[in-house]
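Note on naming: letters A, B, ... go to the chains in the order of the sequence lines (proteins, then strands), and numbering restarts at 1 for each one.
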Amino acid sequence: MTSLVLTITETLRYRGKLGQWAWVLHRVSGFGTLVFLIMHVIDTSWATFYPELYAKAVDAYKTPLFTAGEFALVALVIYHALNGFRIALFDYRPQWWRRQADAAKLVLLGTLVLLVPAFFIMAGHVVSYYNERVSVFDLGLEKVIEATAPFAIGTVVVIGLALVVSAGASFIPSLNAPKKQLKGSKMETFMWSFMRISGVLIIPLVFGHLAMMHLIQGVFDLTRVGHVPVFTNLGPNMEATLTAVNFVRLRWDTMLAGVYIWRIYDILLLFLVVLHGFNGLRYIINDYIHNRVVNRALRLASFGTMIGVLVVGALAILQSVPATTAEMLSQTSQVLIETNVNLLVR
Amino acid sequence: MKATIRIRRFNPEKDKKPYWATYTLEDCEPTNRVLELLHRIKWEQDGTLTLRRSCAQGICGSDAMRINGRNRLACKVLLQEFGENPKIQVEPILGLPVIKDLVVDMEPFFAHYRAVMPYLVNETPPPVGPDGKPRERLQSVEARERFDDTTKCILCAACTTSCPSFWANGAYVGPAAIVQAHRFIFDDRDQLLKERLDVLADPDGVWRCRTIYNCTPACPRGIEVTRAIGEVKKAIQAGKRDF
Ligand code: HEM
Ligand code: HEM
Ligand code: SF4
Ligand code: FES
């Protein structure tokens, strides 16, 4: 067993083949996307709960630093998705291992092929936004700090609390008994399948979401006056947006054949991505953090945050128009049950 | 031909930290093996250089080390692969405590090996031969072939100590132990299948494998290590030998 620093430096020193670097990138991209996701879901939920805060957050999203982050995020998600598909494929077909190095190269190539047009289109949004503006280039650092500081502070507070709870829990003997022998874990066995199946299901969902939010229209369009939000013109209630809050509400109120399609879409995306991402975080914590108290604290903090994000995110989607909440609940639960049944059948 | 060798040295009685020492050797042959160069350094230049080796022909599995960044057996690496003026870097395998210089403590590795019960279990009495004495349990050629690849393991630890998951967390049983488990899981004479699959379904069992593929090229015996791990995962998911 080696220390965390040694593990990282030696991983970089060992001359493994492409697979080793593919894994490093997979881990970094998954972790990076998860950090963004936590912020993103909480921010988006403000559209329902604290509209002024959402307006502020979207304002920060339009600063150059966030724009750079947005490009990075798209690259990370695309790479992680393609490489995740490769991992899942070779896990279910271990006998194909001789092709895995080619597949890893194909993943890099595929990422590039998807990124070039995506970046091109995204750059188009950026350019047109800055062309329309009269004011000079503004880094908007205070906005960035204002938007991220609560999350940084929140992280410190949550981990601090978890450390206290975890330290207290070290007085419970049954939690601290040393492990004697290896024993099968149903949960771990299930999570392995879940990571792969959820990953593959996320691909169309997150690619669709990114296409709507980056390509068809960009972050800057969220607040564009007189703009019809992406795919809200499917039903009768087509309207132009005025503010970012309005944008989200119009999206979530869009009905197709009596179904709130974007709410169902976002609920599915929310649950799959959050469960997948936080389980990935659990893997990372268990890999690197060996101190019992700290390990338990971080897992606790991560689990608590996961529940928080799921509840806040789901409530925001369901509650955005109170009158229809009940109807909405029954529709989404139906969909969730159906997908669960499908998962079990597989 | 002249060879330059950098060795990562560490003497726990003298050194606070490991350090790199450089040696030059004249009159080397392209057909020399790295092990022979280490011998010459020990015999001609510095008798304190410490390493493990036994058979010197790739059979005992004692001399796995990190050679130019990758895990290899020093007795199987020829100088000729490093070109005209070979520069070679040698260091201990990673993830096991260094005892001295190139020698690591293999006990954690063997503890994982023992954890997977690396022996055949069959409670039925063995068949009786024409002479009335017990004889071997016969097996079809195909059934033997199923696990042939994983019988070749020499427990050198090159695969386990090439694995980023093992470096990160030594509780992971590691590729070598899973290869050994594979050898018995897919042996149709064995009767301990359920227990074996249960042991490997531990959070520190196969589920720590992230399908990185560092172990496969590290194996000096050419065992398809990652494939074997993958097959064990599928057997656990299916709950049976043939998935
Ligand atoms: C887009 C489709 C996606 C696919 C196909 C996918 C696939 C995968 C796969 C196969 C793994 C490996 C799991 C294992 O080793 O057991 C993984 C790990 C991970 N994923 Fe994803 N994933 C996707 C999206 C996401 C998203 C959106 C996030 C962030 C919220 C995320 C975060 C993670 C994390 C943090 C890990 C753990 C990394 C590690 O253990 O090294 N993934 N993913
Ligand atoms: C910077 C890039 C992104 C932008 C501008 C963006 C924009 C939005 C917007 C406007 C909504 C509101 C609902 C809607 O219109 O459908 C939303 C919701 C959502 N997005 Fe994104 N999105 C981005 C990237 C992502 C990524 C990469 C993920 C997945 C990892 C993701 C996951 C979600 C989820 C789960 C929701 C539902 C939120 C909730 O329940 O409150 N988004 N996004
Ligand atoms: S599988 Fe190969 S690398 Fe691993 S211990 Fe056995 S012989 Fe060594
Ligand atoms: S010394 Fe026996 S394997 Fe190299």
S.K.: Are B/Gln80 and B/Asn32 close enough that a side-chain donor and a side-chain acceptor fall under 3.5 Å?
M.R.: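 No, because no side-chain N or O of B/Gln80 sits under 3.5 Å from a partner of the opposite role on B/Asn32.
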S.K.: Just give me the residue among B/Pro217, B/Ala115, B/Ser162 that pairs up with chain A most often, heavy atom to heavy atom, under 4.5 Å.
M.R.: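 The option with the most such pairs is B/Ser162.
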S.K.: If you count heavy-atom pairs within less than 4.5 Å of chain A, which of B/Thr226, B/Asp204, B/Leu200 leads?
M.R.: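 Among B/Thr226, B/Asp204, B/Leu200, the one with the most close pairs to chain A is B/Asp204.
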S.K.: With sequence neighbours left out, which residue pairs that include part of residues 181-192 of chain A fulfil the salt bridge (charged side-chain N to carboxylate O under 4.0 Å, His left out) condition?
M.R.: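 Those involving residues 181-192 of chain A are A/Glu188-A/Arg282.
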S.K.: Using the test side-chain hydrogen bond (donor to acceptor under 3.5 Å, both in side chains), find all partners of B/Glu195 that sit at least two apart in sequence or belong to another chain.
M.R.: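 side-chain hydrogen bond (donor to acceptor under 3.5 Å, both in side chains) check on B/Glu195 returns nothing, list empty.
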S.K.: Does the side chain of A/Arg86 come under 3.5 Å of the side chain of A/Gln100 through a donor N or O and an acceptor N or O?
M.R.: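 A/Arg86 vs A/Gln100: donor-acceptor pair found between side chains.
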S.K.: If only side-chain N and O atoms count, and only distance matters, is there a donor-acceptor pair under 3.5 Å linking B/Gln191 with B/Asn122?
M.R.: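 Yes - a donor-acceptor pair under 3.5 Å links their side chains.
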S.K.: Centre of B/Tyr172's six-membered ring, under 6.0 Å away, within 45 degrees of the axis: is that where NZ or CZ of B/Arg208 sits?
M.R.: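 Pair B/Arg208/B/Tyr172 does not count as cation-pi.
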S.K.: By the side-chain hydrogen bond (donor to acceptor under 3.5 Å, both in side chains) test, which pairs, at least two apart or in different chains, include something from residues 98-108 of chain B?
M.R.: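 Those involving residues 98-108 of chain B are B/Arg9-B/Asp101, B/Glu107-B/Arg114.
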S.K.: Between B/Arg227 and chain A, with a heavy-atom cut-off of 4.5 Å, which part of the residue counts as in contact: side chain, backbone, both or neither?
M.R.: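 For B/Arg227, backbone and side chain are both near chain A.
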S.K.: Which atoms of B/Ala228 are under 4.5 Å from chain A, going by heavy atoms: the side chain, the backbone, both sets, or neither?
M.R.: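 It is neither, since no heavy atom gets under 4.5 Å.
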S.K.: Are B/Arg210 and A/Trp23 in a cation-pi setup, meaning NZ or CZ lies under 6.0 angstrom from the ring centre and within 45 degrees of the ring axis?
M.R.: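 No, cation not above the ring by the 6.0 Å, 45° rule.
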S.K.: Side chains of B/Trp167 and A/Glu10: donor-acceptor distance under 3.5 Å anywhere?
M.R.: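 On atom types as modelled, these side chains do not qualify, holding no pair under 3.5 Å.
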S.K.: Given heavy-atom pairs under 4.5 angstrom as the criterion, report whether the side chain, backbone, both or neither of B/Val116 touches chain A.
M.R.: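 B/Val116 has no heavy atom closer than 4.5 Å to chain A.
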S.K.: With a 4.5 Å cut-off on heavy-atom pairs, point out which of B/Thr211, B/Ile236, B/Leu197 contacts chain A the most.
M.R.: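 That would be B/Thr211.
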S.K.: Report, in residue-number order, which members of residues 11-22 of chain A are under 4.5 Å from chain B by heavy-atom distance.
M.R.: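 Those residues of residues 11-22 of chain A which have a heavy atom under 4.5 Å from chain B are A/Thr11, A/Arg13, A/Tyr14, A/Arg15, A/Gly16, A/Lys17, A/Gly19, A/Gln20.
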